[in-house]
Amino acid sequence: MIRLTIDQREVQVEDGATILTAATQAGIRIPTLCYHEKLLPFGACRLCVVEVEQMKGRLVPACSTPATAGMVVRTATEQIIKARKTVLELLLIHHPLDCPVCDKAGECQLQDLVYEYGITRNRFQDKKSAHPIDYVSPLVERNTNRCVLCGMCVRVCDEVVGASELSLVNRGIRTKVATDFDRPLNCEFCGECEDICPVGALTDRLFKFRARAWEVENITTVCSFCSTGCTLKLAIKNGRIVRAVGADDGAANQGSLCIKGRFGYGYVQSPERLSRPLVRKNGSFVEVEWEEALRTVAQGLNAIKAAHGPDAIAGLCSARVTNEEAYSFQKFMRRVIGTNQLDNSGGYSHRGFSRGWKDSFRERWAIPAVKDLKNCDVILLIRSNVSETHPVVGYRVTAAAKQQDAQLIVADPRRIKLARLARMHLAHRPGTEIYLLNGLAQVILQEGLENKDFIAAQTEGIQELTAALTAYTPAFVEHQTGVAAQELIQAARTFAAARSAAIIISAGMGCYGDDAALVHSAANLALITGHAGRAGSGVLVLGEKSNSHGVIEMGVLPDRLPGLRPVADAGARELFAKAWGAPLPERPGLAAEQILDGAQQGSVKALYCVGENPLHAYPDTQHMREALTRLQFLVVQDLFLSPTAQLAQVVLPAASFAEKDGTYINCEGRMQRVRRALQPWGDAQSDGDIICAVARAMGTDIGDGKPEHIQAELSALLPRYQCRQGEQIPPQGIQLEPGPAEPGAATMVRARLIPVEGTVPPAPTKEFPFVLMTGSSLFHCGGLSTYAPAIRLVAPDAQLDISPQDAQKLGINSGELVAVASSRGSITIKARVTAQQPPGSVFVPYHFAQPAVHALTGGWQPYAVVAITKQQ
Ligand code: SF4
């Protein structure tokens, strides 16, 4: 620690802190325009100048001057104030005084500083800047005339987002922020540049002229797209969302958002939203009152239960409902229907990942926090194009590499964005991840690089694992994966030698194989090296959707009750039976895949889908269509008339995340508060209210669905959720996984080393020479984002990514139509030639209903071998 004096106050800070950090910690404000804690110091604006007694004769920038022991600093002398006023006058020479029409007014740091320092006239005069304003770029408007050259947009885009879209060009008074050749923006449209801009040079085009900053009511809630769980503020005016900004105190995002969180809220107020319940009559949907819709659902489900028993009815639930709604749903299925036939998303489910994580680490092991990734010195990404699937996690990884010099090891068949920053890119064959991870573990054990103390104290199963891994020699792994043995050995040594290392696996990047086994093999690697259970270490498993973690915690599973208590555990059943006033079904139910197989075969006769859309999102569209059309009764509760809803007998309009209260659990196991910002759209109701109303219509009261009542019920039943209610949840959320107990403590639970075998995906053939990978792309998350007008503006349709080599062989150019055929079906789609895609494989995101990429996949795998032909 260092002791210094600032404004006659003694201050103590850690080694390496700057004067600015020391002053901030002591509650002394020093003005800045170019400093942000997300970025490396830049020292451009000179507003933060201070006097240091030991550096007499000059003013020094506080943001980039290290604090040293015994330093005596003054932050507001007459000379300093004079210097700051001069800086402001210089900035105002070219800056237009268009505050009345500038969207930044009320939030502009320059405006505030000019007011604070009383700049009423300017000693310096020149022509105002007259750069052309960029009205062409979507979502972000660039008015370079207002720019103060703080460089924050350039740096956030480079250091954090990793897009490097903007640069400072020219010199002297001609310096400006520009893209290459001054073209319109062609980037990730995350809006981080406009968010960090201290003035109105970069502004949100969706917000333009819709409200003044002081007119809106800001409601803090959680993003509804991916499981990063970014905290955001929805700005509300006249009952509509006019803007979304990241909340600086958000635990995972610390103010950052991606395009989906910042600009994707438009789906909430889309005219395509369902506003009235629909009942199919004579083959067509008819709008009805809620009472009739609920009666129809109750009659349909009761009739099937009476005729075929409770197990003829199944339920599928989206991973975007709140925890309280997920709890109500499983309670409805178990208490009212009397079945365990329920599950959450099947296709790209977090279910396998979550099960794998729990089986390996069990309870009491910490999940690495997203914010701690920046402190890792090695990050291994496996099947994780996080820059696209979970962009804000991608920002943290980028910042770790660019700002802290962390070493990235990217294991991915594609040359994804983070591979460009990686020390090592292990470009393995699609679907061979487990071979790769086993190979890394084998090298570590073989070379004696494992953490023996950690293994002995905190794990079990090392002998079995060592025996099982003997076959995974570098030569064998090279043969299976295509990764050179020497690269594998180098990666293993790097990982083992790290001070702090994390492994990231993300759902939403579908590929061949068993998700639980993939997590076991990653967990084995983390555990044998001792990279687990500490801040910035461990395996971070990223669910695809906002509450992927929560629906599992709440027991939306065929074999687990809330709190992950096994259905087979009589004690657990008894606990819930007592609370619910009825016995629980004993037999574990069918998983999503088996439910749909059962529907096709006729054993499942009714399906209740809450926000779930199997026809679009699950592999094998043909199989899905057959299964869903064979059902006697299909109820869909959703925001939109999805492809699955179009086949239903009853469609119930559901409220969006912005129209209800509750909680989500993010990828870190953090429970965070979702807050109602708007009245529900039309006659829509929250999923929780609808489920409880259906239960009442069927003759059973399961409560009123109010989040606070469900939280109280959960708290009473499971200590894990005690004190988690409503207002008691702090802005940072509550971490559910407490981390490992001390070795030897009574509560210590050893992690399991679980040997797993690699799987070999079907190889390409002469007839189908390409491997098709599917999954999420940068601009979308599930199908929900396709209803957001702003996102559609940037990414209106799906494209097939193909390598330049393959494109040349087939005579395909970007934008041309190609036919893609597999043994299951065919689609026609636009091609995008990209060096990111390796030869021999193609990638198609699954977000769009048309063309339906899952017409090509089968066998419950988001994977196929396909043939490609250019369309004439
Ligand atoms: Fe954050 Fe994910 Fe929302 Fe993007 S989509 S803002 S990464 S939670």
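Atoms within each ligand, like the ligands themselves, are counted from 1 in listed order. This one's a predicted model, so the numbers in the text were calculated from it and none came from an experiment.
The distance from ligand 1 to the heavy atoms of F225 drops below 4.0 Å at these ligand atoms: 5 (S). Applying the 4.0 Å criterion to heavy atoms of V392 picks out, from ligand 1, the atoms 1 (Fe), 7 (S). Residue P391 has at least one heavy-atom neighbour below 4.0 Å for each of these atoms of ligand 1: 7 (S).
Within the 4.0 Å heavy-atom criterion, both parts of C226, backbone and side chain, lie near ligand 1.
A donor-acceptor pair is defined here as one N or O able to donate and one able to accept, closer than 3.5 Å; no such pair exists between the side chain of Y327 and the backbone of E553. Between the side chain of K374 and the main chain of Q404, no donor-acceptor pair closer than 3.5 Å is present.
Under the 4.0 Å criterion applied to side-chain N and carboxylate O atoms, K417 and E188 are assigned as salt-bridge partners. Using a cut-off of 4.0 Å between Lys/Arg side-chain N and Asp/Glu carboxylate O, R243 and E107 are scored as salt-bridged.
The nearest heavy-atom contact from the protein to atom 4 (Fe) of ligand 1 is C258 SG, 2.3 Å. At the top of the distance list for atom 3 (Fe) of ligand 1, counting protein heavy atoms only, stands C223 SG, 2.3 Å.
For atom 1 (Fe) of ligand 1, the set of nearby N, O or S atoms under 2.8 Å includes one belonging to C230.
Contact analysis puts L257 in contact with ligand 1, with a non-hydrogen atom separation below 4.0 angstrom. Ligand 1 is approached by G229 to a heavy-atom distance shorter than 4.0 Å.
Not less than 6.0 angstrom separates the ring centroid of H847 from the ring centroid of F779. In this structure, the ring of F225 has its center less than 6.0 angstrom from the ring center of Y267.
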Would you please test L381 and D412 for side chain to side chain contact (heavy atoms under 4.5 Å, CB included) and show each step? CA-CA 8 Å; L381 295 115; D412 198 294; over 6 Å; no
